[in-house]
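Written below as C-alpha cells is the structure these notes are about.
Lettering of chains follows the sequences in order, A, B, ..., and the numbering in each one begins at 1.
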There are 2 protein chains.
Amino acid sequence: MTKPDKREEIVGAALELIAEHGFHGAPMAMIAERAGVGAGTIYRYFENKDELINQLYREVEKKMVDDLLVGYPMEKTIRERFLHFGTVLLRYFISHPLDFRYLEQFHNSPYGVEYRRDRILGKKEEFDIFRDLFEEGVSSRVMKDLPLVILFALSFGPLLAVARDHILGFITLDDELIARTGEACWDGVKQ
Amino acid sequence: MTKPDKREEIVGAALELIAEHGFHGAPMAMIAERAGVGAGTIYRYFENKDELINQLYREVEKKMVDDLLVGYPMEKTIRERFLHFGTVLLRYFISHPLDFRYLEQFHNSPYGVEYRRDRILGKKEEFDIFRDLFEEGVSSRVMKDLPLVILFALSFGPLLAVARDHILGFITLDDELIARTGEACWDGVKQ
DNA sequence: CAAAAAGGAATGAACGTTCATTCCTTTTAC
DNA sequence: GTAAAAGGAATGAACGTTCATTCCTTTTTG
C-alpha cells in the first residue's frame, strides 16, 4: 500500500465508523483495524484523534461544497438558485449517507458548536455562496426580511431533517418528493 | 436531605452536566459530585447510566408536553393551532435551555434514534396531538399533501434550529421574531 | 423512657474494562 | 546498509459499576 493510500484508508475507516457509531463508538484501534493498518500508524498521519476528526470534517465538507457548486445557475433567479441548492443538497446527502451522518455527528458535538460560532460570528470575508444568496434575497425583497440565521434555519432545518429521516429509513425520498420539499422550503423563506 | 430530594438532585445534576457537555462529558462521578451525593448513591435510584439517561429524557419530555398543552386552542383553526404550537414551543425552549440541550443530545444519539423509530414506525395508538393536527391539516387540504414526516420536518426543523441558535447566542429571539418565525413555518406547510 | 438492636440508605475506595497514545521492534524503500 | 515507515504490544488515565463498611433512623426490649 502506498503512502497516500494508507491515509485514505484511515480517513475512510474513520468516516464509516464514526458515521455509524459516533465518535465514542469508534475507538482508534477499531479505525486502525478497519483501515488495515497498525494502531500506531494513524499517528504518523494525524497528531491525535481530534486532529483526525477535524481534518476529516474539512474534507467531507469541501467535497460536498464542491459538488454543490457544480451547475450552480449563477445567472438565474433567486428562487431558482435556492431550489437548485435544496435539490442538490438533498441529493448529495442521500447518495452520501456516511458523509451526512458524519457531518451531523460533528455539528451536534462540541467540535461543531465551536466551528459554527467561528462561522457565524467570526470573520465574514470567507467565500460563502449561501450567505450571498440570502443577502441578495432579502435586499431585493424576494425573501422575508428576517435575520440571516433564521432564513438559514427555515431552509436547512427541514432539509437536514428530511435527509436524516430518509437515511434512517423513516421515509423514502424520490425525485418528486425532493422537489416538493425544496418548494415548501422556498414557501417558508419567500416574501 | 430527604429521599426524593436526593433523586431530584441527581436528576438535576445530570440534566445540567449532560446538557452542557454531552453524555460523554458527564461521568457518573461528576454527576454525583454536583448532586452532593456519593457515587454509589446514584445506583440506588437508577440501575445504570443508561437508565438515568432514559428516565431523565422521559421527565423532561413530559414536562414540556404538559406545558405545550396548556391553553391549546382546541376549537380554533388549524393555522391558529399550528401557530400556537410554534410559539409555545419556542418560548419553552428559550426559557428552559437546559431541557432543550438535553433533548437535542438525546435525539442526536443512538438513544434518540431508537426512540424515534418506535415513535414513527411503531404503535400509533399513543396520544399524539401533533400527529392529529397534521393529519387534520392534510385531509382538510389546508396543508400541503406531503407525508407527515416531511410536514414535521418543515415545522420542527426550523423551530429547533432557531432555538439552538438563540441558546448558543447566535441570535436573540424576541416576541416579534418568534411570531414571524412561526408564520414562516406555516408558509412552508400550508397549501 | 432509655438503651440496644435491626434495617436499610449512603458512601467512596477499589475493580475491571476501555480507550488514546506511546514506544520499541520489525519491515520496507532506496 | 541505513533511514523512514509501519506495526502492535504496552501504558496509564478515565470510566462505569460494585461492595464492604458506615451512618442514621426506626423498632424492639426491659
Could you tell me how far apart B:Ile10 (CD1) and C:dT11 (C1') are, to the nearest whole angstrom?
12 Å
Rounded to whole Å, the CG-C1' distance (A:Leu17 to C:dC19) equals 15 Å
Separation of B:Arg44 atom CZ from D:dC19 atom C1', in whole Å?
12 Å
Any ion pair linking A:Glu176 and A:Arg180 (charged N to carboxylate O, less than 4.0 Å)?
yes
Pair A:Tyr92-A:Asp99, side-chain hydrogen bond (donor to acceptor under 3.5 Å, both in side chains): steps then yes or no:
CA-CA 9 Å; A:Tyr92 187 86; A:Asp99 290 28; 3.3 Å; yes
Return the nearest nucleotide to the side chain of A:Ala39; candidates are D:dG8, C:dG12, D:dG7.
D:dG8
Is a donor on one side and an acceptor on the other found under 3.5 Å between the side chain of A:Arg79 and the backbone of A:Trp186?
no
Using a strict heavy-atom distance below 4.0 Å, which residues from residues 46-58 of chain A are in contact with DNA chain C?
A:Asn48, A:Lys49
Gap between atoms CD and P, on A:Glu9 and D:dA5 respectively (whole Å):
19 Å
Please tell me if A:Lys6 has a side-chain N or O lying less than 4.0 Å from either OP1 or OP2 of D:dG7.
yes
For A:Glu20, is the CD atom crowded, meaning more than 12 foreign heavy atoms sit under 6.0 Å from it?
yes
Looking at A:Phe106 and A:Ser109, what are the two nearest heavy atoms and their distance?
O-OG, 2.7 Å
Are A:Tyr57 and A:His107 close enough that their ring centers fall under 6.0 Å?
yes
So which nucleotide does D:dT22 pair with, by the Watson-Crick or G-U wobble rule with both distances under 3.5 Å?
C:dA9
Verify the neighbour count for atom CD of B:Glu114: are there more than 12 heavy atoms of other residues, nucleotides or ligands below 6.0 Å?
no
Using atom CD1 of B:Ile18 as one end and atom C1' of D:dC15 as the other, report the distance to the nearest whole Å.
14 Å
CD1 of B:Ile42 to CD of B:Glu47, rounded to nearest 0.5 Å, is 14.5 Å
Is it the case that the side chain of B:Lys49 and the backbone of B:Phe23 share a donor-acceptor pair, with hydrogens and angles ignored and the cut-off at 3.5 Å?
yes
Report the distance from atom CG of A:Asp5 to atom P of D:dA6, rounded to the nearest whole Å.
11 Å
Counting side-chain heavy atoms from C-beta on, which of C:dT22, D:dT18, D:dG7 comes nearest to B:Tyr43?
D:dT18
Between residues 19-32 of chain B and DNA chain D, which residues have a heavy-atom gap below 4.0 Å?
B:Pro27, B:Met28
